[in-house]
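Chain identifiers are assigned alphabetically (A, B, ...) following the order of the sequence lines, protein sequences preceding nucleic acid strands; residue numbering begins at 1 within each chain.
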2 protein chains.
Amino acid sequence: MTMAGRAAVPEVIWARPERTGRGPRPAYTRADIAAAAVRIADAEGLDAVSMRRVAAELGCGTMSLYNYVPRKEDLYELMMDAVSGEHELWEPSGDWRADMIRVAHQTRALMHRHTWLPRLMSPVYGFSPHALRFLEHCLACLDPFDAPYGTKMELVAMVNGVVTTYVTNEISTAERTRSLPWSEEQENAARIAYLGAQLASGAYPRLAASLGADAGPIDMEAVFERALGRVLDGFA
Amino acid sequence: MTMAGRAAVPEVIWARPERTGRGPRPAYTRADIAAAAVRIADAEGLDAVSMRRVAAELGCGTMSLYNYVPRKEDLYELMMDAVSGEHELWEPSGDWRADMIRVAHQTRALMHRHTWLPRLMSPVYGFSPHALRFLEHCLACLDPFDAPYGTKMELVAMVNGVVTTYVTNEISTAERTRSLPWSEEQENAARIAYLGAQLASGAYPRLAASLGADAGPIDMEAVFERALGRVLDGFA
DNA sequence: AGCGCACTACGTACGCTGTACGTAACTAGG
DNA sequence: CCTAGTTACGTACAGCGTACGTAGTGCGCT
């Protein structure tokens with residue numbers, strides 16, 4: 001025993017073969033595991049996704065899961081890949097601007113379907129098989145856009161960033177209050193009451209004007225649309 | 001006892017008075033607590049910030065902390081407010097574009113100084129006293145920008161969003177490997193090796209062209225600058 | 001054919017987390 | 001002065017990620 005325990009060498013889970021051929025047939029596939037974790041996250045929030053909980057959902061012992069998923073981080077990676085696979089990939093229309101808007105809307109819909117997704121969004125998870133397919137699709141949509149690949153990558157990153165930012169804003173309070181012992185409405189009411197008191201103090205005149213003038217609720221959909229348009233304009 | 005235990009009513013920590021006047025003098029101020037938590041997060045990462053750890057840093061018992069901070073979420077809120085106070089607020093120059101660029105650079109520097117900050121970035125924490133001051137300052141910088149307040153708010157949100165997105169990308173791998181038993185270089189090497197194998201498969205021709213052509217490392221600083229410029233262009 | 005080893009499965013245990021609850025000391029308002 | 005509200009904090013519980021050890025299983029090689 002020259003090496004201490006397991007190898008302390010970094011491994012990307014996608015580099016591990018799913019089956020080696022030796023030993024008993026694994027009872028579950030990675031897809032099974034990812035689906036179970038996604039199901040839990042969708043229904044009960046990301047914090048409900050624990051190794052024990054996922055194992056229970058699958059119907060196996062907790063530690064059996066570690067045969068498939070060496071670390072919890074890798075479970076997240078499986079989840080991200082699974083939902084990345086939900087992206088619809090179409091034949092590029094020839095109008096890259098329209099295609100990017102379609103991509104953005106689809107990503108937004110995906111995030112609304114899986115509200116834990118923005119929290120896991122990170123370039124670290126950007127290289128799973130399905131994520132690569134999605135990225136390649138975005139670049140295919142940008143074929144008619146006459147620019148170096150570096151610029152195209154920046155555009156894709158920007159669009160995804162804007163979508164992530166806006167959806168995060170849309171769902172943040174809802175996700176936050178999920179585990180709290182009071183409702184989202186109560187939470188918002190408390191925050192608005194405090195904010196109102198602060199604005200009334202007169203210390204933030206412009207802010208008061210911004211939030212007080214248009215009393216109506218903000219149309220996040222329209223805000224998103226405008227932001228997206230402006231970003232695309234910045235590149236054209 | 002008609003009510004079960006503590007009141008299940010939502011409270012924003014800023015709405016609680018720091019001192020009520022009754023009982024012994026509190027041994028610490030909110031600023032003390034926030035500073036201790038920030039110190040830990042800066043030195044050992046956000047995950048090292050636990051109630052026990054912060055209490056130990058302050059030199060008091062774990063549960064004493066709960067007199068000041070009802071929930072851990074509120075500790076995060078104190079941290080966010082503390083670093084928001086590090087924003088330098090200057091007399092607007094009259095050139096709103098230049099001022100917004102300055103704001104963006106300052107926020108980026110702040111996030112590099114406190115790398116846990118992007119992870120906590122959320123509109124939920126956007127209404128602490130120092131955050132309000134910062135927002136008011138941004139709006140003041142936008143006084144020369146002839147647009148409705150709604151548009152100004154969208155601009156500020158966009159700039160902050162872009163900064164957050166880009167700094168997140170810059171920091172993510174570094175933060176991820178902090179707790180792992182191998183170095184960032186090893187982790188990156190493993191990911192790049194896997195990515196290279198995937199690209200070599202020929203399934204992602206555009207992606208391969210994008211990442212393979214310019215072999216040199218990407219200048220994130222320049223990318224950030226361009227992204228920022230494009231966003232501001234979109235509004236002008 | 002059959003041996004050996006890599007693999008699956010999983011129970012137990014450790015150190016960590018947030019925090020509910022109970023108790024003792026203290027101090028300002030009535 | 002008294003008492004109610006506050007601070008301080010030890011104990012305890014449920015839950016977490018996961019290291020480790022042990023059985024059992026079946027492929028690949030001799």
Side-chain angles (χ1 to χ4, degrees), chain A residues 1 3-8 11 13 16-30 32-33 37 40-41 44-79 176 178-181, chain B residues 1 3-8 11 13 16-30 32-33 37 40-41 44-79 176 178-181:
Chain A
M1 284 284 189
M3 302 293 273
R6 308 286 167 80
E11 288 180 36
I13 190 160
R16 301 188 145 205
E18 187 160 359
R19 272 226 62 188
T20 53
R22 202 67 155 260
R25 301 202 129 267
Y28 313 99
T29 67
R30 277 182 191 161
D32 292 335
I33 295 169
I40 296 168
E44 302 164 48
L46 186 59
D47 292 336
V49 176
S50 70
M51 297 299 276
R52 282 171 235 260
R53 185 77 181 69
V54 172
E57 180 86 8
L58 285 170
C60 71
T62 304
M63 294 315 290
S64 307
L65 205 52
Y66 280 89
N67 287 319
Y68 303 87
V69 176
R71 298 179 312 275
K72 200 195 176 184
E73 281 278 300
D74 295 311
L75 181 60
Y76 288 150
E77 200 137 351
L78 289 187
M79 292 172 71
R176 196 183 109 89
R178 193 194 275 272
S179 61
L180 265 38
Chain B
M1 284 282 190
M3 303 293 273
R6 308 285 167 80
E11 289 179 35
I13 189 159
R16 300 189 147 205
E18 187 159 359
R19 272 225 63 187
T20 52
R22 201 69 153 259
R25 301 202 128 268
Y28 313 99
T29 66
R30 275 181 192 161
D32 292 336
I33 295 168
I40 295 168
E44 302 164 49
L46 186 59
D47 293 336
V49 176
S50 69
M51 296 300 275
R52 280 171 238 260
R53 185 77 182 69
V54 172
E57 181 85 8
L58 286 169
C60 70
T62 305
M63 293 315 290
S64 307
L65 206 52
Y66 280 89
N67 287 319
Y68 303 87
V69 176
R71 297 180 313 275
K72 201 194 176 185
E73 281 277 300
D74 295 311
L75 180 60
Y76 288 150
E77 200 138 350
L78 289 187
M79 292 172 71
R176 197 183 111 88
R178 192 194 276 271
S179 61
L180 264 40

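- Listed by chain and number, the residues in a side chain to side chain contact (heavy atoms under 4.5 Å, CB included) with Ala27(A) are Tyr68(A) (sequence neighbours excluded).
- Listed by chain and number, the residues in a side-chain hydrogen bond (donor to acceptor under 3.5 Å, both in side chains) with Arg16(A) are Glu11(A) (sequence neighbours excluded).
- Contacts of Glu18(B) classified as side-chain hydrogen bond (donor to acceptor under 3.5 Å, both in side chains), with partners at least two apart in sequence or in another chain: none.
- At whole-Å resolution of the value, OH in Tyr66(A) and P in dT12(C) are 17 Å apart.
- Evaluation of the side-chain hydrogen bond (donor to acceptor under 3.5 Å, both in side chains) rule for Thr29(A) yields Asp32(A) as partners, not counting sequence neighbours.
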Pairs: protein N or O with nucleotides 7-12 of chain D N or O, under 3.5 Å:
| residue | atom | partner | partner atom | Å |
| --- | --- | --- | --- | --- |
| dA8(D) | OP1 | Ala27(B) | N | 3.2 |
| dA8(D) | OP2 | Tyr68(B) | OH | 2.8 |
| dA8(D) | N7 | Asn67(B) | ND2 | 3.3 |
| dC9(D) | OP2 | Gly61(B) | N | 3.3 |
| dC9(D) | OP2 | Ser64(B) | OG | 3.1 |

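- The nearest whole Å value for the distance from the CD1 atom in Ile40(A) to the P atom in dC16(D) is 10 Å.
- Here the P atom of nucleotide dT19(C) and the CG atom of Asp47(A) are 12 Å apart, to the nearest Å.
- One can place CZ of Arg53(B) at 12 Å from P of dG18(C), the figure rounded to the nearest angstrom.
- A 6.0 Å sphere centred on CZ of Arg19(B) holds more than 12 heavy atoms belonging to other residues, nucleotides or ligands.
- Under the rule for a side-chain hydrogen bond (donor to acceptor under 3.5 Å, both in side chains), Asn67(B) has no partner lying at least two apart in sequence or in another chain.
- Between the CZ atom of Arg16(A) and the C1' atom of dT8(C) there is a distance of 13 Å, rounded to whole Å.
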